[in-house]
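This report refers to the structure that appears directly beneath it.
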Amino acid sequence: MSRVSWSLACVDCGQRYAGLELRYRCACGGTLDVVHDQGAARAVKPETFDRRLASRLAVDRSGVWRYRELVLPVRTDEIVTRPEGNTNLYASPALAAYTGVEALQLKHEGENPTGSFKDRGMTVGVTVARRLGMERVACASTGNTSASMAAYAAVAGMTAFVFVPAGKVASGKLAQALAYGAKTIEIEADFDRAMALVEEVARREDLYLLNSVNPFRIEGQKAIAFELLHDLGWKAPDWIVVPGGNLGNSSAIFKGLQELKALGFVPRLPRLAVIQAEGANPLYRAFKSGTPLRPVVAPETLATAIRIGNPVSWKKCLRGIEATQGVVEQVSDAQILEAKAKLDAAGIGAEPASGAALAGVKKLVAAGIIGRREHVCVILTGHLLKDPETVVRYHGGELQLEGLEARDVNRPVRCAPQLETLLQLVRRLARP
């Protein structure tokens, strides 16, 4: 095994560990950061990333490994990639008008291979697992992490164990874990209990843990920031808005932005806004009160991807919020579903958690926190088909939520199999 050019550092106490030491937390209990020797990163130029866009090599076509000097400088033959990333950055006049800003763009991480941003972190996590000689990997999941890990483990020839809260995972996500061959265990508890259990099981059974407590997951997910700024010609927007669940994604995006600024790729940092669901809002409460995070017991929201009451990466996330003069906001399930319906009707589409981010923009603009002329980039975290049941129930008028007006309902219409009846129906539906 060749020498590595990174180490691990505790977020709480600063204790350093070897770069490939098999650990996820410091001895003090704090989470870990990957700290790079920036020599290789300082030598790379933006033109290198442009050139790789035209390459036929899988590692160059990956929207993570294209930036490998900034992510994790490993040999290209060690990398496990599908490839991931290369997600589109959309503009939508309709959604800009809905939120109240003039310049709105949406980076759609649901266009990753398994349909969520988790693939960016998983390609790095599984690559490190391979380098460590691990044959079995594990995670607790609300759905997207299990789908991603199962896929990448299959590519790498590893056995995947996923722990999911029974009855609390959208079928589109659970189906992926099963299809990719993961050993799937349904825990009769919420995600937070499943997370606590999987950490202990991984320690005792020689499983490599691939939740966002794994610092290498963060290294992959920070490539969202690299690719977004690359998309924008290395010009930072005023705001990046992200839904908040376990908070690994917002932590990763901040780490990536911070490193880009330190390397001189961008002159300033955009402000970060993290949006939580009202029923799963521990970070929002901590931010508003100025006190350490207190877990939310039995969190509840229709946005299952962010139904987390005790997020692992909260300290890393708050570090980014404070450093960028950012904010944390909460939105109701009714606001999430309204925003999701707008996203879907704009032809872009996303899972409910992504609707939370768009709803958050609208709320922050109305409050005067985001200026109407500021440039806002929203991170859409998952694909529309991750949670088809919610879509069907919404448009079928089956969801009864306080404050939900469901103005954008698009009900299916039944028709008898007669031509004239069908023609009359089409003509009626065609009227404005």
Side-chain angles (χ1 to χ4, degrees), residues 58-59 61-65 78-87 108-187 191 194-195 197-199 201-202 205-214 216-217 220-221 223 245-246 248-249 304-305 307 350-351 353-354 381-389:
V59 292
R61 293 172 63 187
S62 164
V64 173
W65 297 107
E78 297 175 315
I79 291 171
V80 181
T81 181
R82 291 216 33 191
E84 46 291 312
N86 301 305
T87 59
H108 204 330
E109 291 298 297
E111 295 173 353
N112 271 283
T114 74
S116 85
F117 72 92
K118 304 287 187 177
D119 293 347
R120 290 188 186 264
M122 209 56 70
T123 182
V124 179
V126 173
T127 293
V128 172
R130 170 185 274 180
R131 187 157 190 188
L132 288 168
M134 305 299 291
E135 296 180 351
R136 302 185 299 172
V137 294
C139 72
S141 179
T142 57
N144 284 331
T145 300
S146 60
S148 182
M149 189 191 73
Y152 280 81
V155 170
M158 298 174 183
T159 301
F161 289 82
V162 304
F163 299 70
V164 298
K168 298 289 187 178
V169 177
S171 65
K173 302 172 185 180
L174 182 59
Q176 287 180 283
L178 298 174
Y180 294 132
K183 310 298 183 184
T184 303
I185 301 170
E186 295 184 309
I187 304 294
F191 168 83
M195 184 69 235
L197 287 168
V198 77
E199 285 200 60
V201 171
E205 294 297 320
D206 197 30
L207 305 177
Y208 190 62
L209 185 60
L210 281 169
N211 281 98
S212 57
V213 70
N214 184 314
F216 296 104
R217 278 273 311 277
Q221 286 166 214
N246 217 18
N249 212 24
T304 56
R307 188 192 284 154
E351 70 173 345
S354 300
T381 48
H383 196 280
L384 168 67
L385 294 178
K386 285 286 189 174
D387 190 354
E389 296 100 329

Starting at OG1 of Thr114, measure out to CG of Asn144 and round the result to the nearest 0.5 Å. 7.0 Å
OG-NZ distance between Ser354 and Lys386, expressed to the nearest 0.5 angstrom: 11.0 Å
Atom of Val213, atom of Met195 and distance for their closest heavy-atom approach: CG1-CE, 4.3 Å
Between the CE atom in Met122 and the OG atom in Ser212, the distance rounded to the nearest 0.5 Å is 9.5 Å
Counting distance only, does the side-chain N/O of Asp387 pair as donor-acceptor with the main-chain N or O of Glu351 below 3.5 Å? no
Can you establish whether the number of heavy atoms outside Glu135 located under 6.0 Å from its atom CD is more than 12? no
Check Thr81 against Ser62 and note the closest heavy-atom contact, atom names and distance. OG1-CB, 3.8 Å
Nearest heavy-atom neighbours spanning Ala182 and Ala150: CB-CB, 3.7 Å
Tyr208: which residues meet the ring-ring contact (aromatic ring centres under 6.0 Å, His included) condition with it, sequence neighbours left out? Tyr24
As a quick check of understanding, evaluate side chain to side chain contact (heavy atoms under 4.5 Å, CB included) for Phe191 and Arg307, giving each step before the final call. CA-CA 8 Å; Phe191 168 83; Arg307 188 192 284 154; over 6 Å; no
Show the numbers, then the answer: is there a side chain to side chain contact (heavy atoms under 4.5 Å, CB included) between Asp206 and Met134? CA-CA 8 Å; Asp206 197 30; Met134 305 299 291; 3.6 Å; yes
Write down the atom of Gly63, the atom of Asn86, and the distance for their closest heavy-atom approach. N-ND2, 3.7 Å
OG-CG distance between Ser146 and Leu174, expressed to the nearest 0.5 angstrom: 7.0 Å
List the residues meeting salt bridge (Lys or Arg N to Asp or Glu O under 4.0 Å) with Glu199, not counting sequence neighbours, and say none if there are none. Arg25
Full working for side chain to side chain contact (heavy atoms under 4.5 Å, CB included) between Val80 and Met158: CA-CA 11 Å; Val80 181; Met158 298 174 183; 5.7 Å; no
d(Asn112 CG, Thr87 OG1) to nearest 0.5 Å is 6.0 Å
Heavy atoms of Ala156 and Arg130 approach each other most closely as CA-NH2, 4.0 Å
Determine yes or no for a side-chain-to-main-chain donor-acceptor pair under 3.5 angstrom, with Thr123 supplying the side chain and Asp119 the backbone. no
Would you say the side chains of Glu109 and Thr381 form a donor-acceptor pair under 3.5 Å? no
What distance do Met149 atom CE and Leu209 atom CG have between them, rounded to the nearest 0.5 Å? 9.0 Å
